[in-house]
Amino acid sequence: MADKATFPGGFLWGAATAAYQIEGAVRDGGRGVSIWDTFSHAPGHVVNGDTGDVTCRHYERVEEDLDLMGDLSLGAYRFSVAWPRVQPDGKGPANQQGLDFYKGVVSGLRERGIVPVATLYHWDLPQPLEDEGGWTVRETAERYAEYVGIVAAALGDEVGLWITLNEPWCSAWLGYGVGMHAPGLTNPQLSMRATHHLLLGHALATDVIRRDSKAPVGITLNLAPQIPASDHPLDIAAAQRSDGGLNRMYLDPLFKASYPDDVVSATESVGLRMDVVRDGDMALIGRPVDFLGVNYYMSHVVASTARLAEARQAGYVAPDSLLSEPTALLGMAQVGRPWLQRTATDWEIDPAGLTSLLVRLRDEYTNAPIYVTESGVAFYDYQDPSGSVHDPARIAYLHAHIKALKEAIDAGVDVRGYFVWSLMDNFEWAEGYSKRFGLTWVDYPTGKRVRKDSFEWYKRLIAANALPS
Ligand code: IFM
């Protein structure tokens, strides 16, 4: 019988961050303005009016952060490249200072024996491109491929894994459909177009990277099982629609070269059209990736809006959280499970959802290697009077999710790595600094880093390549 606790040799233990969330120094090194600079500075978008202007000061403290990663004995570090640092206007010549910064990150990682995993787009579109339509226009996908060409030529084979996009659903729906993220638009038709142009950008960028680098290229999706609230056909159909919008709308084009028919017809029934697809696009998008990145935080229970009373009777609380608004149009609502523990972001904790998701990806979509490129949690951490941060709930969370991942490996799924979100507390988008996901506490006024208990726990796990008993 396979050892339940020990991971395969070579399994990559990592941690992840993203440029706008940690770098700060938004006006240094020739960086241009991104949509997140504009969005976070406009009143009412981010809790407490927080911005990423300073955040963790990673841009200036990069050597210290590399040492922190070395101390953690990370196998891999997932960071993102800020497009506006590399091409301040989103087009035109490269900004050498921006490239040099990332070259320094990559070589610093290699010196410490850490595999650099570069995400090429983690939501910080150059503002001048947004002014010309952003992801709702095809030209942005073409500009994106040019930018990726600059980065791939500069970093080449030093990068161990390339991730084209982080969570295109968030860019498309939270950014253009519900206005929760930059650029803050609330037009679902625009999010349909953004979805396609993001995926097209992924496809074009993949070719460009392969020209300059032999390293594997993949994409990271935020995926979440959509569980029907009951076995009533209306609830089952609602959960299928929800699965369609969040999961299949991205998985199908990437692995089956088409948008799912049921999603296309459901969205058409509410007046939304996938009206920007050109001949040949789907074949491009559907070409094989070298790996799939999966960000897993939660599962959702979904009920038909016609059956919310029954869902309440069954013990669910309804309706719940961020999918409610756009999906209400399509007769589906998330309902909450009051018996599950919730995080500081009010997400339900369901480690078993990670196992079922990974098994489903193998069964229905791909045998390509999978990396869990984000998994982690915000709780209400605090520094005690001695300055320590004890976070047993995060340790329990990580333990449960890593165990769930191991169950998927034992079931034959080819999972090659796991990245904790996040290496350090950081700017949590619309939630600003109110939510802390880090293994490392960041004292924002000074920038001081403090290793949390979970940091030491993860370090021991990495050394053992096994879950502690
Ligand atoms: O902080 C984010 C990250 O940028 C993308 N995935 C989810 C994380 C937690 O919300």
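One-based numbering, in listed order, for ligands and for the atoms of each. Quick note: numbers below take in every heavy atom, side chains included, and nothing from hydrogens, waters or symmetry partners. Small disclaimer: the values here were computed from a predicted structure and weren't measured.
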Quick one: table the atom pairs, ligand 1 N or O against protein N or O, below 3.5 Å, distance rounded to 0.1 Å.
from, atom 1, to, atom 2, distance (Å)
ligand 1, 1 (O), Gln21, NE2, 3.0
ligand 1, 1 (O), Trp421, NE1, 3.3
ligand 1, 1 (O), Glu428, OE1, 2.6
ligand 1, 4 (O), Gln21, OE1, 2.7
ligand 1, 4 (O), His122, NE2, 2.8
ligand 1, 4 (O), Trp429, NE1, 2.8
ligand 1, 6 (N), Glu167, OE1, 3.3
ligand 1, 6 (N), Glu167, OE2, 2.8
ligand 1, 6 (N), Glu374, OE1, 2.5
ligand 1, 10 (O), Glu428, OE2, 2.5

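Salt bridge absent: Asp414 and Arg362 never bring a charged side-chain N and a carboxylate O closer than 4.0 Å. By the 4.0 Å N-to-carboxylate-O rule, Asp391 lies too far from Arg436 to be salt-bridged with it.
Put simply, CG on Asp290 and CZ on Arg210 are 4.5 Å apart, with the number rounded to the nearest 0.5 Å. Taking OH from Tyr418 and OH from Tyr296, the interatomic distance works out to 11.0 Å, rounded to the nearest 0.5 Å.
Using bins of under 30°, 30° to 60° and over 60° for the plane-to-plane angle, the ring pair Phe101/Tyr59 lands in the tilted bin.
Listed by chain and number, the residues in a side chain to side chain donor-acceptor pair (under 3.5 Å) with Asn95 amount to none (sequence neighbours excluded).
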